[in-house]
Protein chains: 2
Amino acid sequence: MAEAISNLSRKEQVIRKAAELFKEKGYSAASMRDLAQKLGIEAASLYSHIKSKEEILRTLCFDMATDFRASLSSVEKQNVSAREKLRLGIIGHVQVMARDLTASAVFMNEHRHLSQPYLRDFLLLRINYINRFKTIIEEGISSGDFRKDIDTKLAVMTLFSSLNWMPAWFSPDSTIEPEKLGQQLADMLINGLKQNV
Amino acid sequence: MAEAISNLSRKEQVIRKAAELFKEKGYSAASMRDLAQKLGIEAASLYSHIKSKEEILRTLCFDMATDFRASLSSVEKQNVSAREKLRLGIIGHVQVMARDLTASAVFMNEHRHLSQPYLRDFLLLRINYINRFKTIIEEGISSGDFRKDIDTKLAVMTLFSSLNWMPAWFSPDSTIEPEKLGQQLADMLINGLKQNV
DNA sequence: TTCTTCCACTAACAGTTGTTAGTTTTGCTT
DNA sequence: AAGCAAAACTAACAACTGTTAGTGGAAGAA
């Protein structure tokens, strides 16, 4: 029953290495023998730490989802304008991503390999998250923060596309801090939405 | 030698079905037996039409690349402002995508499964395409079309992220025409870049 | 020492992978 | 009717897939 304490460290090593591998080769193309080799052990030994290959994917995807949702929740609580909420939401999203770019890449690109019912659950979480951003944009349109002639669906999809491809090109050794990057991204996107007074 | 004429039709059927399958399940998770089943034939029969699984992927990726480059080239030739060039470039890109959303999705998500040296070639084409957009943006900054304080790398990456995720959420039975969509997307992105006079 | 927990091992499984060789069917053209 | 090419078939290959069963060593606690 010490599993919850001491096993975690080794189990986490396995999961982190798996994240790297899944990001690199994709979930399907990454074999358990590849993963084992990266850790210097035999494939069968992995099963002392994890229940299945998919369990790793599940952990990676749902843990990231939890972080994203927590970040957005704290933004929603604040009593600020829609424009500021959107800005903070974007910065928060970028910060969560930057905290683990590898897991973020997996979260984004490999979640479709989840089996049911996990895939369904994941997609529900995801659409909920997106809709909450959409609500912020709609708020901003009502309040006059944003232009009235924008297609909110297109806007929110553009927003997410921009955010989600970050792990693909943002290098962790980059000099720019995540907050600054989020700032810039928000600036670029929001000024595209802003009313031309 | 009739291969070039009559074989094409069946070979193209195979490639199109493969594109659907690759988009759906991902290249690695899609087996040749899956593909054969979709076509109502045996897996081995596929090899009357194609040389290998990867040949299909190569065809899909490089054919799309050719189309994208052709579209951009025709835009570059025009003697218009940088802002207009960017607008036309975006519309062109969206139109090429819309012409084959399935192949576009494969182009975007599965190209990494190309083996060398094809992968290298593909990435070179891709970076060249991106750099040509970047040049347009830099032109626009010099000419005063765009704000001077934007990070061009971030801008171009945001642009591509937005463009590239389109096949994931744009449904072909949507009422909106590709040109209109490209128009809107360009509007949203460009007004984010536009100088606030 | 003995017990327990962690972590690795070997051996093996049943199923799937892309692909080949060789053969037969199909349908058009002469 | 004969011939030809396209396109399908069956059978099989070697390699690889995720995973299980059972075992053993190492390290710390009793």
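Side chains included, hydrogens not; waters and symmetry mates left out as well; all remaining heavy atoms used. Chain A is the first sequence line, chain B the second, and so forth, proteins listed ahead of strands; every chain is numbered from 1.
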Euclidean distance, atom NE2 of residue B:His49 to atom P of D:dA6 [Å, nearest integer]:
11 Å
Sub-3.5 Å donor-acceptor pair from the side chain of B:Ser104 to the main-chain atoms of B:Asp100, do we have one?
yes
Could you tell me whether a side-chain N or O of B:Glu84 sits under 3.5 Å from a main-chain N or O of B:Val80, the two making a donor and an acceptor?
no
Regarding the side chain of B:Arg10, the nearest nucleotide among D:dC9, D:dA7, D:dT20 is D:dA7
Can you check whether B:Gly140's main-chain N or O pairs, donor with acceptor, with B:Lys85's side chain at less than 3.5 Å?
no
Please set out all donor-acceptor pairs under 3.5 angstrom arising from side-chain atoms of residues 114-130 of chain B, sequence neighbours excluded.
from, atom 1, to, atom 2, distance (Å)
B:Ser115, OG, B:Glu54, OE1, 2.9
B:Ser115, OG, B:Glu54, OE2, 3.0
B:Gln116, OE1, B:Arg120, N, 3.1
B:Asn128, OD1, B:Arg69, NH1, 3.0
B:Asn128, OD1, B:Arg132, NH1, 3.2
B:Tyr129, OH, B:His93, ND1, 2.8

Whole-Å distance separating the CD atom of B:Glu42 from the C1' atom of C:dT23
14 Å
Just how far, in rounded Å, is P of C:dG18 from CG of B:Leu57?
13 Å
Within this structure, what is the NE2-to-P distance between B:His113 and C:dG18, rounded to whole angstrom?
12 Å
Find the distance A:Leu46:CG to D:dT20:C1' and express it as a whole number of Å.
14 Å
Between C1' on C:dG18 and CD on B:Glu55, what's the gap in Å once rounded to a whole number?
14 Å
Hey, is CD on B:Glu179 packed in by over 12 heavy atoms from elsewhere, all under 6.0 Å?
no
Stretch residues 25-40 of chain A: residues that reach within less than 4.0 Å of DNA chain D through a heavy atom:
A:Ala30, A:Ser31, A:Met32, A:Arg33
Can you say whether a donor on the side chain of A:Ser48 sits under 3.5 Å from an acceptor on the base of C:dA8, or the other way round?
yes
Ignoring hydrogens and angles, write down the donor-acceptor pairs under 3.5 Å from the side chains of residues 17-24 of chain B, residues two or more places apart or on other chains.
from, atom 1, to, atom 2, distance (Å)
B:Glu20, OE1, B:Lys38, NZ, 3.3

Length of the line joining B:Ile41:CD1 and C:dT26:C1', which is rounded to integer Å:
14 Å
Taken to the nearest whole Å, OH/B:Tyr47 to P/C:dT23 is 21 Å
Below 4.0 Å: OP1/OP2 of C:dC7 and any side-chain N or O of A:Ser45:
no
Looking at B:Glu76, I want to see if its CD is surrounded by more than 12 non-hydrogen atoms of other residues, nucleotides or ligands under 6.0 Å.
yes
